[in-house]
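Worksheet: one structure, shown below.
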Amino acid sequence: MNDAYQGPTITSELGRLPIEAAADRNRLSRGTAGEVLDMIDGVSVVELLRDHGSPLFVFSEATLHRKLRHFREAFTSRYKTTSFAWSFKTNRLDAICKIMKDEGWIAEVVSDFEYQKARRLGYEGSQIVYNGPYKSRSSLKMALQEGALIQIDSWDELAVVEDLAEELDGTFDVGMRVWVTTGHAPIWSKFGFSLTNGEAQQAARRIIRHPRFRLHTIHCHVGTYVLDPETYGVATQILLGLRKNLSDDTGRLVPCLNLGGGFPSNSLLHGMIGPAEVVVPPIEDYADAIATELNALPKRDRPLLRLEAGRSLVDEAGYLATTIVAVKGGPRPDAPAESLSSIVVKEQMLLSDTARLSYVLDAGVHLLFTANWFAIQPYPCRRVESLPVPTRLLGCLCMEIDVIRDHVDLPRLQTGDHLTFHPVGAYNFDQSMQFIYLRPAVVLIGTDRKVHQIRRKETLDDIESAEMLPAHLSG
Ligand SMILES: *Cc1c(COP(=O)(O)O)cnc(C)c1O
């Protein structure tokens with residue numbers, strides 16, 4: 001052993017340009033030459049924006065197929081009897097839902113509007129799982145008549161469904177949602193019946209004993225972007241326990257367990273240290289956690305497993321290409337103090353730090369709702385030979401809160417440069433709104449690398465067609 005103590009040395013590295021020094025010290029750093037994204041599936045970002053306008057949502061059909069097949073394979077290779085449902089609320093664009101349908105995904109909807117959308121797309125009632133805390137009576141009736149699987153969420157809803165069953169002829173398969181404590185936080189207790197206080201058992205018995213119902217599914221959806229696969233192992237154990245109790249009690253073995261969605265995509269929340277491919281467990285780990293529990297049962301007792309994935313399938317298939325419309329602030333070392341803008345001076349005073357360079361983009365949080373939680377990565381579309389500097393990305397909305405990234409390292413760019421955000425395929429287009437700006441076009445790059453417009457840019461008429469002026473104000 002070397003017992004000659006050597007004190008820590010402070011190397012000259014610490015005195016170097018901060019960004020370089022940080023990159024040297026940070027073992028998880030991706031280095032200083034940021035990634036560029038100039039093509040999506042072989043199609044140039046610049047050409048896409050030239051042909052369809054900026055900003056632009058872009059979806060990759062090839063990525064979507066790859067994700068769907070990978071997900072399916074991960075589960076069916078471990079547990080054959082798995083049924084896959086696509087969560088419409090994650091992305092309800094017709095073209096996206098149709099790709100899911102063509103790949104054999106059934107529909108998972110959470111409102112009467114989504115239900116109708118699924119029907120219009122050609123889903124039979126029997127290919128629809130109907131979830132959510134509020135389902136209108138008329139939509140519940142339609143769902144029963146059309147053979148959709150209603151996953152009952154509350155005592156009040158159970159009463160309505162019982163009432164409707166009396167009104168209609170026949171017997172009906174129904175499901176019920178339960179909420180469970182798996183150790184995953186936060187606990188989603190808003191939905192379904194509590195398992196711990198006995199409500200779930202009570203509700204299940206009431207459904208099983210009802211002459212017009214067959215309890216087809218016990219369902220739980222523990223959260224979203226769940227980073228611990230074991231959460232699903234625990235949830236499976238708990239649902240199997242409930243199923244066993246009910247079987248001991250009533251002699252009926254519930255045929256289907258639905259573990260919901262919530263599997264993460266390769267994205268990072270603010271403050272997480274990446275890269276995502278290292279931090280986010282692969283889908284195989286989730287499939288293992290679930291299948292291990294199910295495969296421990298005797299063969300004849302094994303249920304149909306159903307999953308309702310959203311985010312993990314579509315997020316990486318989606319991009320938002322944008323353009324820098326203005327450059328603001330930023331340290332200009334050669335500039336005399338009196339010529340610095342007030343925002344730079346303020347930042348330097350408050351943070352006693354170099355002010356960040358800011359870019360104003362032609363897109364904002366009205367298009368990237370998930371930027372509130374996720375550190376969505378912006379990729380320049382050309383290589384710039386400069387060190388990345390701390391940068392802030394400001395949205396185009398006339399609102400101070402419209403900041404897409406408060407702090408991201410980017411090389412120096414200029415007005416007119418493009419930044420493409422990825423992944424943004426989940427929960428962004430669907431939660432986008434016409435606030436201050438209308439929604440941009442959406443294109444799908446097909447597996448043939450052809451660009452298909454799947455939603456046109458909105459116009460003023462789209463908004464105004466729903467408005468009316470009362471007589472005394474018109475004229
Ligand atoms: C939103 C939702 C899903 C999909 O969730 P992801 O986190 O996108 O996978 C699945 N099931 C239910 C009931 C949902 O509400």
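All ligand and atom numbering here is 1-based and tracks the order in the structure. Counting from 1, the numbers follow the sequence of the chain as shown.
Residues passing the salt bridge (Lys or Arg N to Asp or Glu O under 4.0 Å) test with K457: none are found, sequence neighbours excluded.
Contact residues of ligand 1 (protein heavy atom closer than 4.0 angstrom to a ligand atom; sorted by chain and number): S87, K89, T90, E108, N131, R177, H219, H221, T224, G261, G262, E308, A309, G310, R311, Y427.
Considering D315, T370, T90 in turn, T370 is the only one that fulfils the side-chain hydrogen bond (donor to acceptor under 3.5 Å, both in side chains) rule with N428.
Of all non-hydrogen atoms in R392 and V403, the two that sit nearest each other are CG-CG1, 4.0 Å.
Ring pair F75/F71: centre-to-centre distance below 6.0 Å.
Sequence neighbours left out, the pairs with a member in residues 214-241 that pass salt bridge (charged side-chain N to carboxylate O under 4.0 Å, His left out) are D173-R214. Within the structure, every pair that satisfies the side chain to side chain donor-acceptor pair (under 3.5 Å) test and touches residues 57-66, not counting sequence neighbours, is listed here: D41-S60, S60-T63, E61-H65, H65-E103.
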